[in-house]
Amino acid sequence: MSGNIYIYIFTAFAVSYLIRVLPLTLIRKPIKNRFIRSFLYYVPYVTLSVMTFPAIIHATESPFAGLAALIFGIILSFLGAGLFPVAVCCSLIAFAAQYFIH
């Protein structure tokens, strides 16, 4: 069993290293394809969203409280509120929703 751990570590290292090194060695010219450029532009935002939204919903004991805070935060941000007021209001909404649910 202890010998397999080295295989797992090496495999994780190789995959991580290749993902970072192959684009640098294989793609030397600027990317001109509009689709690929647009795809690469949005990858960080999509990755952050995929990690953040489930965490928001599951941060409280009830997913309803997290969902209520998320919806309220989206509405506030569309209305032009800044990051700090949105965060404070979402925290208060999640706290109030959690209080009334239990």
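Heavy atoms only: backbone and side chains are in, while hydrogens, waters and symmetry mates are out.
Linking Ile, Leu, Val, Met, Phe, Trp and Tyr residues whenever their side-chain heavy atoms come within less than 4.5 Å places Leu70 and Phe78 in a single cluster. Connection of Leu92 to Phe84 is established within a shared hydrophobic cluster, with ILVMFWY side chains joined at heavy-atom distances below 4.5 Å, either directly or through further cluster members. Cluster annotation: Leu79 is connected to Ile71 through the hydrophobic network of ILVMFWY side chains, with a link wherever side-chain heavy atoms come within less than 4.5 Å.
In this structure, the side chain of Arg37 does not engage the main chain of Lys32 through any donor-acceptor pair within 3.5 Å.
The stretch residues 62-79 participates, sequence neighbours left out, in no side chain to side chain donor-acceptor pair (under 3.5 Å) pair at all. The side chain to side chain donor-acceptor pair (under 3.5 Å) analysis of residues 85-99, with sequence neighbours excluded, yields the pairs Gln98-His102.
For Tyr17, the ring pair (Phe, Tyr, Trp, His ring centres under 6.0 Å) partners are Phe13, not counting sequence neighbours. Residues satisfying the ring pair (Phe, Tyr, Trp, His ring centres under 6.0 Å) test with Tyr41, not counting sequence neighbours, are Tyr45. Residues satisfying the side chain to side chain contact (heavy atoms under 4.5 Å, CB included) test with Thr25, not counting sequence neighbours, are Val21, Leu22. By the side chain to side chain contact (heavy atoms under 4.5 Å, CB included) test, Ser38 pairs with Tyr42, sequence neighbours left out. For Thr52, the side chain to side chain contact (heavy atoms under 4.5 Å, CB included) partners at least two apart in sequence or on another chain are Leu48, Ile56. Applying the side chain to side chain contact (heavy atoms under 4.5 Å, CB included) rule to Leu76 yields the partners Phe72, Ala81, Val86, Cys89; only residues at least two apart in sequence or on another chain are considered.
Contact record, Pro85 with Gly82: CD-O, 3.3 Å, taken as the closest heavy-atom pair. Shortest non-hydrogen contact noted between Cys90 and Gly73 is SG-CA, 3.3 Å. Among all heavy-atom pairs drawn from Glu61 and Pro63, the shortest one is O-CD, 3.9 Å. Minimum heavy-atom separation, Thr60 to Ala94: CG2-CB, 4.3 Å.
Taking CZ of Phe39 as the start and CD1 of Ile36 as the end, the distance is 9.0 Å to the nearest 0.5 Å. To the nearest 0.5 Å, atom CD1 of residue Ile75 and atom CD1 of residue Ile93 are 10.0 Å apart.
Members clustered with Leu83: none, using a 4.5 Å side-chain heavy-atom cutoff among hydrophobic residues. Other residues sharing a hydrophobic cluster with Ile7 under the 4.5 Å side-chain heavy-atom criterion for ILVMFWY residues do not exist; the residue is a singleton. Using a 4.5 Å cut-off between side-chain heavy atoms of Ile, Leu, Val, Met, Phe, Trp and Tyr, Phe64 falls into a hydrophobic cluster with Ile101.
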